[in-house]
Amino acid sequence: MTDMITRIAALAAETAKSLWPEAEGLPTPDELRPLLAVPPDPALGDYAFPCFRLAKPLRMAPPKIAEALCAAWAHEDVASVRPVNGYMNFFLNRVNFAAETMAELREKGERFGASDEGNGKTVCLDYSSINIAKRFHIGHLSTTMIGHSLKRIYDFLGYKTVGINHLGDWGTQFGKMVCAYKKWGKKEDVEQRGIDAMTELYVRFHAEAEKDPALEDEGRAWFKKIEDNDPEAMEIFRWFKEVTLKDAARVYDTLGVSFDSYAGESFYIDKMEPVIQALRDKGLLVESQGAQVVDLSEDNMPPCLIIKSDGTTIYATRDLAAAKYRQDTYHFDKCLYVVAYQQDLHFRQIFRVLEKMGYPWAKGCVHVSFGMISFDGAALSTRKGNTVLLEDLLNQAVEKAREIIEEKSPNLENKDEVARQIGIGAVIYTDLSNNRIKDIDFRWDRALNFDGESGPYVQYTHARCCSLLRKAAEANLPDPDWSALADDEAQSLLRLISRFPDVIREAADKYEPSMITRAVTDIAQAFNKYYYEHRILDGDPAEAAARVALADAARSVIKTGLFLIGIEAPERM
Ligand code: ARG
């Protein structure tokens, strides 16, 4: 079944065509559909079509067009129409709209909004992409959660997705770290304290190198050994990597995040040469102060550095090789790089260089950029300086959620499990609640406010629906009478629900999980409004059955929406 808005678009296009069969340049149903707007005041209609879009092909004034279209409208079973200031305003037939929306929901269940439009297409997603020997800090939360959510969204739309953790596991700093470990490190210490011990070694290396500059050479020599695959150097380096990933795995588990590939920078060491050769063959590599660069002055960008004057490659070189490898291996239609806005220039350069190399697939590379997270300072204790460790944040969130549960629902079973779902959900919700490019100010009182726009609020609404459905199951209700859903509150809720598939598509198009966060919040609010205004289980059983079905629809869409942003939906809280 097609959704209401698609039907309205088709019927409006058809009506225009029948009125003006000769006119050229009338919009097709597909073109007309995105033009349908939602009027700011529901009293003006459920949808409105701006007729000025026909003024040119018809050479008529918009109000005249609106009047003619409305007079010719013959689909009162779908919607009645009214011309308003050059708009054709549609008022849905409420009972039919409820019946149709509910039929579709009952058929699709939690797959409502899923589609196969992505079948045969592949999306690579580069997200989280943490650095070896560094703690997983709060700066990596957004890339992890935006990427994870986009992966779920594209999966839901039928795409094949490849989640890639492009590890930062290459660079001279690793030579220094191995060098420091050889000099001062203790195996048990690194085993016990992991990354903290590695960081200390690195800090010590720099302090000592101040006094003894020869140390720098030693560090470089160790990096050279790593490059040359020297067994001893490699063993230590691999072990550092393992320790880092084991640490990160704990955080990924807590967040429910996973990857299909951990091919990081070091994976591309032997894959750079062909790319450098291709650049050379295409005459794109020029010398600049001893270094090899691609000139991007025509694009108003600084040159893209490919080989440094000491002959070594850099981050950008590896990204070029990675893009090529991903295309050759996965044949992606899109490759999304979920990386903070600080790397805007880097990705503009990389994508431009790929274009200059003549790769048509470069057009499918997209930098999904995002803003920063900050905290309300003192409220968050940190273990180290002012970098907030993600694991600390998540643990605190769970602890705080646990306290709230203790107070609100002391008799709840499996409190620990629910506290985990709520605490983690609160953090993820905050992270995905705004347009991704905006900076985020994380505040506990907001994140864990059960009454505000928050993860717990939406989860609580879901649990409320579940509890209502448990009660309804005992009532043995007959088939629903959809005419019970013609009131304003039910209709607002139905409208939001029926738009949900559009929201998912738009979130994918704009790489914007926050649109789904917004949608589930709106649906939760609309449901709660409905819940307060109507006695769902009382009265005529067939009408009660319709209200229960609506609650089930809200439950299912909220659950799906939360899933798409990476949040769990407890059934009791
Ligand atoms: N490791 C980098 C960082 O933490 C992010 C890597 C992003 N991905 C990429 N292909 N460059 O800043």
Shortest non-hydrogen separation from [X] to [Y] and the atoms involved:
X      : Y      : result
Gly175 : Trp222 : O-CB, 3.4 Å
Ala490 : Leu550 : CB-CD2, 3.9 Å
His346 : Ala316 : CE1-CA, 3.7 Å
Arg152 : Gly566 : NH1-CA, 3.6 Å
Ala554 : Cys465 : CB-SG, 4.4 Å
Thr244 : Asn131 : CG2-O, 3.9 Å

Please tell me whether [X] and [Y] have a donor and an acceptor in their side chains that are separated by less than 3.5 angstrom.
X      : Y      : result
Gln343 : Tyr315 : yes
Glu265 : His166 : no
Ser454 : Asn449 : no
Ser514 : Asn434 : no
Tyr159 : Asn119 : no
Asn528 : Thr461 : yes

Would [X] count as a cation-pi partner of [Y], with NZ or CZ less than 6.0 Å from the six-membered ring centre and within 45° of the ring normal?
X      : Y      : result
Lys271 : Phe267 : yes
Lys400 : Trp444 : yes
Arg436 : Tyr511 : no

Find out whether [X] and [Y] are in side-chain contact, i.e. whether some heavy atom of one side chain is under 4.5 Å from a heavy atom of the other.
X      : Y      : result
Leu412 : Ile405 : yes
Lys324 : Tyr268 : no
Phe442 : Ser374 : no
Lys160 : Lys121 : no

Item to check | Geometric class of the Phe174/Phe237 ring pair [parallel <30°, tilted 30-60°, perpendicular >60°] | outcome: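 Plane angle between 30° and 60°, so tilted.
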Item to check | Ring geometry between His206 and Tyr202 (parallel below 30°, tilted from 30 to 60°, perpendicular above 60°) | outcome: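 Ring orientation, 0 to 90° scale: perpendicular.
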Interatomic spacing from [atom1] in [X] to [atom2] in [Y] - rounded to 0.5 Å:
X      : Y      : atom1 : atom2 : value
Asn165 : Leu245 : CG    : CG    : 7.5 Å
Ile437 : Met372 : CD1   : CE    : 12.0 Å
Asn435 : Thr517 : CG    : OG1   : 11.0 Å
Arg193 : Thr199 : CZ    : OG1   : 9.0 Å
Leu496 : Arg518 : CG    : CZ    : 10.0 Å
Leu141 : Thr143 : CG    : OG1   : 9.5 Å

Verify, without hydrogens or angle tests, whether [X] (side chain) and [Y] (backbone) share a donor-acceptor contact under 3.5 angstrom.
X      : Y      : value
Gln459 : Glu568 : yes
His462 : Pro570 : yes
Asp126 : Leu336 : no
Ser149 : Ile146 : no
Thr122 : His331 : no
Ser467 : Ala463 : no
Ser556 : Asp552 : no
Asn395 : Glu391 : yes
Asp169 : Ser266 : yes
Thr329 : Arg326 : no

Checklist entry - What residue among Phe332, Phe347, Tyr127 forms ring-ring contact (aromatic ring centres under 6.0 Å, His included) with Tyr337? => result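 Single pass found, and it is Phe347.
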Item to check | Test side chain to side chain donor-acceptor pair (under 3.5 Å) applied to Ser492 and Tyr530, step by step | outcome: CA-CA 9 Å; Ser492 316; Tyr530 183 71; over 6 Å; no
Checklist entry - How far apart are the C-alpha atoms of Glu208 and Lys183, what are their side-chain angles, what is the distance that settles it, and do they pass the salt bridge (charged side-chain N to carboxylate O under 4.0 Å, His left out) test? => result CA-CA 11 Å; Glu208 306 264 346; Lys183 283 192 178 310; over 6 Å; no
Next on the checklist: The test is salt bridge (charged side-chain N to carboxylate O under 4.0 Å, His left out); show your working for Glu413 and Arg572 and say whether it passes.
Outcome noted: CA-CA 9 Å; Glu413 282 173 37; Arg572 294 169 203 260; over 6 Å; no
Checklist entry - Should Tyr457 and Tyr429 be marked as a ring pair (Phe, Tyr, Trp, His ring centres under 6.0 Å) after you check the CA-CA gap, both sets of side-chain angles, and the distance that decides it? => result CA-CA 10 Å; Tyr457 171 79; Tyr429 183 101; 8.9 Å; no
Checklist entry - Between Lys108 and Glu104, is a salt bridge (charged side-chain N to carboxylate O under 4.0 Å, His left out) present by the stated rule, with each step listed? => result CA-CA 6 Å; Lys108 304 219 170 116; Glu104 195 179 348; 2.9 Å; yes
